[in-house]
Amino acid sequence: MIQEQLRSALAAAATAEGLTAPDEIGLEQPANRDHGDWSSNLALATSKQAGTNPRELAGRLVANLESQNIAHVEGIDIAGPGFINFRLTNSWLHDVLTHVVETGVENFGANTANAGKTINVEFVSANPTGPLHAGHGRGAVFGDALAALLEWTGYEVTRECYLNDRGVQMQTFADSLSARKAGNEPADGGYMGQYIIDWAGEMPDDADPLEWGYARALQDQKDTLAALGIEFDVWFSERSLVENGAIETALETLKERGAIYDDDGATWLRSTEFGDDKDRVLVKADGSYTYLTPDIAYHHDKFGRAEELVNVWGADHHGYIPRMKAAMEMLGNDRDKLDVQVTQMVRLMRGGEEVKMGKRAGNIVELSDLTEEVGADATRFTYLLQSIDSQQTFDLALAVSQAKDNPVFFTQYAHARIRAVQNRAAEAGAERVPLKQADLSLLTHEREIELLRVLFGGPEMVEVAARERAPHRVVGWVRQLAAAVHSFYQHKDCYVIGDNVSPELTQARLWLIEAARIGLAATLNRLGVSAPDSMWSDEAEAAMSEGE
RNA sequence: GUCUCCGUAGCUCAGUGGAAGAGCGCCUGGCUUCGAACCAGGAAGUCGUAGGUUCAACUCCUACCGGGGACUCCA
């Protein structure tokens with residue numbers, strides 16, 4: 001690709017000047033087009049080494065670069081403190097179009113940087129004692145999109161959900177169901193939601209409340225997740241850790257390593273020795289485990305199944321990270337291979353007013369209600385709009401609006417518009433010729449070039465987004481591509497078919513929009529959002545054709 | 001008090017040490033020939049404050065200010 005060409009040319013120029021170029025020569029696409037298509041800081045980075053000022057060094061480097069006659073380069077300037085700016089002919093972007101079409105929707109943006117590596121992404125992991133709420137939704141969609149993003153870079157990904165299916169909260173849940181079944185209020189600290197009453201009503205008389213309730217809650221969560229297109233490869237039961245002795249084994253191992261001690265009748269983990277701010281109880285004075293203990297065994301188990309682990313946790317669990325990392329280190333795992341992604345809170349708004357109440361669960365809004373109200377596509381896309389590091393305001397009214405201030409609509413509409421043009425071309429008899437026969441050099445309009453420029457950035461976006469564990473970057477990019485599509489589509493000089501458009505130009509533009517469509521569809525697919533061929537609902541379409 | 005996330009345009013938020021961004025809102029313009037749920041242009045910034053590192057800091061480091069969250073032998 002173009003970067004490699006430019007980098008090797010820069011490296012050669014540096015060598016000719018007797019300089020040692022940095023391992024990674026700085027090269028970027030300046031935001032400001034006046035600064036050329038590509039810009040390098042090589043002279044700035046090596047001027048000290050050269051013992052001269054950056055601009056003078058840049059002058060010598062440019063003289064050398066010009067003598068190299070680099071492909072696609074039509075001019076090299078020196079700017080500012082000593083940047084070397086390359087101006088390129090459009091031909092380099094025409095190569096991009098070909099490349100995009102060749103990779104197709106399946107492989108657009110994909111790379112193999114992590115091929116052969118296994119990674120386990122654990123997310124949701126909500127107690128199986130009730131429905132998922134809107135807060136879970138953010139972690140659920142983030143985790144699923146992150147998993148897809150990691151697959152995009154070659155990882156073999158396991159999507160996993162941990163089930164806290166033993167312990168006191170399960171008993172509390174069962175007791176609450178029993179109480180409601182008997183027509184009583186749950187005891188203090190019990191589950192008070194309306195769903196407990198509903199479920200108690202469904203529960204057969206002879207059912208074991210704990211087992212029946214567990215199955216009921218789990219099914220509810222699975223249905224909610226399925227409606228969002230989320231499926232797990234592994235549902236990992238905490239009970240299995242008791243049954244196979246993994247918890248006892250982990251405790252034994254920690255004991256052998258001197259990582260635990262007894263005090264006050266309880267067993268403590270020396271987590272302060274590995275970065276925690278206090279030691280943690282593993283076995284309480286009454287002999288039962290704390291929440292942490294099975295979880296340690298669980299994470300240790302995951303390390304046996306994947307090279308790298310990612311956990312998606314809510315902000316309320318951030319304090320839990322140091323003790324888990326400490327425990328993993330004490331069990332001989334690489335703490336840096338456990339990456340915990342923390343999602344900040346979500347506020348739900350509807351037309352400027354905060355939404356706090358759900359239909360069934362009372363003081364929480366259920367994820368299933370949210371999905372039903374705004375649809376799976378808008379739910380996913382909206383959750384993914386922002387970095388998980390920022391608190392989010394999720395506006396339900398905006399998510400369903402059919403206007404460009406709704407990013408979901410704006411982006412999907414770009415895909416539908418391309419389909420509309422392609423259909424119109426087909427109706428007009430403009431059959432797309434094979435790519436090799438199309439004259440892409442006709443694509444010179446500013447809007448066309450901008451589209452190609454954005455498409456070029458796709459693969460790098462994927463690299464960065466995966467490295468940063470940041471699906472929201474994918475969303476940002478696809479919105480940018482959608483904007484470029486709308487801008488191209490709208491421009492009077494950029495019609496794909498028309499009396500003023502030569503058949504050759506029509507062909508080039510048909511391929512251009514197909515490339516853009518590939519970029520949109522590939523990216524939306526990875527985000528788990530559909531790339532529709534039409535924005536009209538079936539009913540609206542039916543109504544229209546009846547009206548004709 | 002400790003930990004953590006956030007602080008960038010009026011609002012909601014992007015921003016990978018390199019030359020300040022998007023959408024909304026506001027102002028202006030664009031469908032009597034195409035494809036206006038859209039597009040184009042404009043106004044709007046002490047990047048919380050103060051230091052430090054660097055040729056270069058919104059970005060890294062330190063301290064402070066303001067806001068959210070977490071700090072159980074709960075889960």
Could you please name the option among [options] that lies closest to any side-chain atom of [X]?
X	options	value
Val496(A)	rG35(B), rA75(B), rC39(B)	rG35(B)
Lys48(A)	rU54(B), rA70(B), rA40(B)	rU54(B)
Val168(A)	rA75(B), rC38(B), rC73(B)	rA75(B)

Practice prompt. Check the angle between the aromatic planes of His299(A) and Trp313(A) and answer parallel, tilted or perpendicular using the 30° and 60° thresholds.
Written response: perpendicular

Can you tell me if the side-chain N/O atoms of [X] get under 4.0 Å from OP1 or OP2 in [N]?
X	N	answer
Tyr489(A)	rG35(B)	no
Lys284(A)	rU72(B)	no
Lys404(A)	rC24(B)	yes
Ser487(A)	rA40(B)	yes

Worksheet item: Ignoring hydrogens and angles, does a donor from either the side chain of Arg479(A) or the base of rG23(B) sit under 3.5 Å from an acceptor on the other?
Response: no

Worksheet item: Is any side-chain N or O of His318(A) under 3.5 Å from a base N or O of rC3(B), one able to act as donor and the other as acceptor?
Response: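 Between rC3(B) and His318(A), which were checked side chain against base, a qualifying N/O pair under 3.5 Å is present.
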
Worksheet entry | Tyr289(A) side chain reached by Lys284(A) side chain, heavy atoms, under 4.5 Å | no

Worksheet entry | Identified pairing partner of rC55(B), criterion: Watson-Crick or G-U wobble below 3.5 Å | rG18(B)

Item to complete: Scan every strand shown for a Watson-Crick or G-U wobble partner of rC24(B), both distances under 3.5 Å, and answer none if you come up empty.
Response: rG10(B)

Worksheet item: Which is true for Arg417(A) with a 4.0 Å heavy-atom rule: it touches a base, it touches only sugar-phosphate, or it touches nothing?
Response: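 Sugar-phosphate only.
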
Discussion item. Once you apply a heavy-atom cut-off of 4.0 Å, does Asp395(A) come out as touching a base, just sugar-phosphate, or nothing?
Written reply: nothing

Worksheet entry | Distance in Å, Arg138(A) CZ paired with Tyr383(A) OH, rounded so as to fall on 0.5 Å steps |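 Atom-to-atom, Arg138(A):CZ and Tyr383(A):OH are 9.0 Å apart.
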
Worksheet item: In the 5'-to-3' direction, what one-character label does each nucleotide of nucleotides 7-19 of chain B receive under the scheme B = base within less than 4.0 Å of a protein heavy atom, S = sugar-phosphate only, - = no such atom?
Response: ------SSSB-BB

Worksheet item: With a 3.5 Å cut-off and no angle check, do the side chains of Ser288(A) and Asp286(A) form a donor-acceptor pair?
Response: yes

Item to complete: Answer with yes or no whether the side chains of Ser487(A) and Gln490(A) bring together a donor and an acceptor at under 3.5 Å.
Response: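 There is no such pair between these side chains.
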
Fill in: Cation over ring face, Arg280(A) and Trp268(A), 6.0 Å, 45°
no

